[in-house]
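Got a structure for you, written out below as structure tokens; questions coming shortly.
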2 protein chains.
Amino acid sequence: MASQVMSSGLFEKALACVGAAGSLSKHDVEALSTLNERVEVFSAGAQVQTARRERLRLVTSGWTYEARLLPDGRRQIFHYLLPGDLISARYGAGAARGSLIALTRLECAEIPPSLLSGAGGERTRLAEGLDRVLDSQMQRTYEAVLRLGQFTAQEGMANFLIDLRDRLTKVGLADRFSFRCPLTQEHLADTLGLSVIHVNRVLRQLRTEGLLVVKLGQVTFLDPNKMEMLAAGNPIE
Amino acid sequence: MASQVMSSGLFEKALACVGAAGSLSKHDVEALSTLNERVEVFSAGAQVQTARRERLRLVTSGWTYEARLLPDGRRQIFHYLLPGDLISARYGAGAARGSLIALTRLECAEIPPSLLSGAGGERTRLAEGLDRVLDSQMQRTYEAVLRLGQFTAQEGMANFLIDLRDRLTKVGLADRFSFRCPLTQEHLADTLGLSVIHVNRVLRQLRTEGLLVVKLGQVTFLDPNKMEMLAAGNPIE
DNA sequence: CGCGATTTTGAGCCATGTCAATCGGAGTGG
DNA sequence: CCACTCCGATTGACATGGCTCAAAATCGCG
């Protein structure tokens with residue numbers, strides 16, 4: 001029952017945080033993940049089924065991506081779900097109609113519908129907070145359109161990596177300068193609409209210019225300022 | 001009161017249709033547009049304000065697009081809203097955070113919240129139908145990601161034009177072979193992430209191959225089958 | 001008829017793709 | 001501990017799709 005009290009306190013805190021920003025903080029995720037026993041674990045490479053539209057799951061650990069495969073082998077990765085993101089077949093991510101694949105070992109916790117509506121049937125503050133999270137997931141899809149349609153390869157790479165950094169920072173998995181990253185250059189290619197080889201060239205170029213190092217599953221920004229400028233679609237200098 | 005009865009009958013019919021497909025049919029649009037007096041008209045080029053998040057408006061006539069402008073002049077058009085589509089700051093389109101511009105004279109009808117929830121606070125069948133419309137609008141955003149990330153210029157052009165045709169067909173504004181289209185090559189360019197000049201070349205090429213004619217605000221498919229193949233990302237032949 | 005917007009064309013360049021090969025590190029079995 | 005293997009990263013040579021610049025042809029409209 002100690003954990004019961006604990007979890008209740010965290011829940012309140014989570015509510016407060018959820019109310020503020022568009023995504024969940026580390027504390028929110030911890031709080032929500034202790035709320036119930038329905039935790040699922042997927043191993044790297046497993047497909048996460050998203051058939052039942054009512055389920056709402058919170059990613060508490062690990063990376064996932066949703067992708068679609070064309071008959072001739074081309075692949076587009078639509079988005080990545082990180083700790084603090086929600087898996088929902090109904091909203092946001094659900095509309096991509098692709099396969100959801102665990103990139104690493106993945107843990108998620110189901111959020112029972114009972115938490116979303118109060119006694120009188122009205123919506124919980126938690127529900128509104130989660131809505132905001134789904135909103136920001138959707139916004140990222142539009143960012144992807146902008147990136148793919150208008151950005152150069154360098155800008156797109158910067159934009160994507162900075163976005164990952166910012167999201168990971170919210171859940172305590174990154175700082176301004178670096179984060180651990182399980183993506184291969186092939187993932188980057190299929191995300192940014194580039195060939196693997198060109199991804200390699202772009203990374204080398206950014207490295208040569210002293211902006212960035214990608215190595216050993218670790219992304220390091222040597223010059224966060226310039227990277228942020230690039231990521232916003234501004235030329236360097 | 002005749003119109004009262006009339007509109008009520010259409011409403012029922014609209015409900016039936018809305019329940020079936022992911023988008024509204026011509027009859028749905030007609031029915032819904034007669035439901036209330038709150039009709040707005042924008043002239044071509046006007047900006048449609050989307051500040052109030054609660055409002056839900058149905059496009060009953062004309063074309064709109066939502067776009068974002070980069071500081072250096074690049075522009076990405078995220079999507080077009082056609083008759084039967086919904087304007088919502090909260091869902092789908094709202095997350096793009098761009099400007100919504102009337103491409104032609106535009107008419108839309110507000111859908112009052114009272115129609116969305118029944119007496120007991122439960123959701124109307126209409127509300128569910130409209131949800132499905134918003135869903136399909138979201139799906140199109142993912143299609144755009146796929147198009148921009150993986151398709152060649154020709155495939156992307158075919159995909160986009162076939163999509164327009166299919167949507168316009170649902171509201172009786174197109175048949176299998178052609179539709180009226182107010183887009184300039186510049187709009188196509190900013191939608192597909194190409195330069196205006198390249199759009200022109202791609203169109204010429206499709207014309208030369210006997211697949212398509214774009215002229216006088218009219219798009220005509222000379223070979224709908226091949227266009228549909230191209231639009232799906234399959235090579236010709 | 002004349003003007004602005006749009007479309008069309010041509011020439012040349014650059015970003016990005018393809019193909020082919022090498023390299024490097026991680027795991028595996030002997 | 002070594003040899004092997006596999007996957008991912010890296011590099012080079014070359015092809016090409018798509019972009020830029022510049023200009024002419026057309027269209028829509030007052």
Side-chain angles (χ1 to χ4, degrees), chain A residues 44-45 70 72-77 103-104 147-158 160-161 180-209 212-220 230 233 235-236, chain B residues 43-45 70 72-77 101 103-105 147-161 180-209 212-220 230 233 235-236:
Chain A
L70 294 181
D72 61 2
R74 285 178 282 181
R75 178 177 72 157
Q76 177 65 40
I77 296 181
L103 184 64
T104 65
R147 195 162 59 209
L148 291 167
Q150 301 301 324
F151 281 16
T152 64
Q154 288 211 11
E155 288 169 342
M157 179 67 73
F160 175 64
L161 293 178
R180 305 217 65 242
C181 174
L183 302 178
T184 66
Q185 294 185 357
E186 188 174 6
H187 291 121
L188 291 171
D190 292 344
T191 304
L192 301 174
L194 304 171
S195 68
V196 179
I197 289 156
H198 198 62
V199 164
N200 187 289
R201 278 198 285 253
V202 169
L203 290 177
R204 186 204 333 169
Q205 203 169 343
L206 291 171
R207 192 189 327 134
T208 303
E209 293 171 11
L212 171 82
V213 176
V214 179
K215 188 164 50 168
L216 270 313
Q218 183 91 10
V219 174
T220 307
L230 247 191
I236 302 187
Chain B
S43 48
L70 295 182
D72 62 1
R74 286 178 282 181
R75 177 177 74 158
Q76 178 65 40
I77 296 181
I101 308 285
L103 184 63
T104 64
R105 177 192 143 92
R147 194 161 59 207
L148 291 167
Q150 302 300 325
F151 281 16
T152 64
Q154 286 210 12
E155 289 170 342
M157 180 67 72
N159 181 273
F160 175 64
L161 293 178
R180 302 217 66 241
C181 174
L183 301 179
T184 66
Q185 294 186 359
E186 188 174 6
H187 290 122
L188 290 172
D190 291 345
T191 304
L192 300 173
L194 303 171
S195 68
V196 179
I197 290 158
H198 198 60
V199 163
N200 186 287
R201 279 196 281 257
V202 168
L203 290 176
R204 187 207 329 172
Q205 201 169 342
L206 291 172
R207 192 189 327 136
T208 303
E209 293 170 12
L212 172 82
V213 177
V214 178
K215 189 164 49 169
L216 270 314
Q218 183 90 9
V219 173
T220 307
L230 247 192
I236 301 187

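Throughout, a chain's letter reflects where its sequence line sits, starting with A, and its residues are numbered from 1. Just so you know, these numbers come straight off a predicted model, no measurement behind them.
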Legend entry - Positional range of nucleotides in DNA chain C within the contact set of chain A, heavy-atom, under 4.0 Å: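 Both ends considered, the range comes out as C:dT16 to C:dA20.
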Legend entry - A:R75 and A:E186, any side-chain heavy atoms less than 4.5 Å apart: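 With C-beta onward as the side chain, the pair touches.
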Inset, instruction - Look only at the side chain of B:Q185 and the backbone of B:I197, and say whether a donor-acceptor pair between them is shorter than 3.5 Å. - result: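 Not confirmed, B:Q185 side chain does not pair with B:I197 backbone.
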Legend entry - Per-nucleotide protein contact string for nucleotides 15-27 of chain D, where B marks a base within reach and S marks sugar-phosphate only (heavy atoms under 4.0 Å, - for neither): ---BBBBB-----
Inset, instruction - Measure the shortest side-chain to side-chain distance between A:R207 and A:K215 over non-hydrogen atoms and say whether it is less than 4.5 angstrom. - result: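 Of all side-chain heavy-atom pairs linking A:K215 with A:R207, none is under 4.5 Å.
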Legend entry - Presence of A:N200 side-chain N/O under 4.0 Å of D:dT10 phosphate oxygens OP1/OP2: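 Looking at the OP1 and OP2 atoms of D:dT10, one of them is under 4.0 Å from a side-chain N or O of A:N200.
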Legend entry - Shortest non-hydrogen contact from A:L194 toward A:A153: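 Heavy atoms of A:L194 and A:A153 come nearest at CD1-CB, 3.8 Å.
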Legend entry - Side chain to side chain, A:L192 and A:F151, heavy atoms closer than 4.5 Å: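 No, too far: nothing below the 4.5 Å cut-off.
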Inset, instruction - For the residue pair B:Q154 and B:E209, establish whether any side-chain heavy-atom pair is separated by less than 4.5 Å. - result: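 Yes, side chains in contact.
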Legend entry - Global bending angle along the helix from C:dC1-D:dG30 to C:dG30-D:dC1, which compares the axes of five pairs at either end, to 10 degrees: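 It comes to 40° between the two terminal axes.
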Inset, instruction - Let me know which of A:L206, A:T152, A:L212 forms a side chain to side chain contact (heavy atoms under 4.5 Å, CB included) with A:L230. - result: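 With A:L230 as partner, side chain to side chain contact (heavy atoms under 4.5 Å, CB included) holds for just one option, A:L206.
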Inset, instruction - Would you check if the side chain of A:Q76 reaches a backbone N or O of A:T191 as a donor-acceptor pair within less than 3.5 Å? - result: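 Yes, because the side chain of A:Q76 sits within donor-acceptor range (under 3.5 Å) of the backbone of A:T191.
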Legend entry - For the student: nearest non-hydrogen atoms of A:I77 and A:H187, plus distance: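 Shortest heavy-atom separation between A:I77 and A:H187 comes out as CD1-O, 3.8 Å.
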Inset, instruction - Flag the pair A:L203 / A:L188 as yes when at least one side-chain heavy-atom distance between them is below 4.5 Å, and no otherwise. - result: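 Sidechains of A:L188 and A:L203: in contact.
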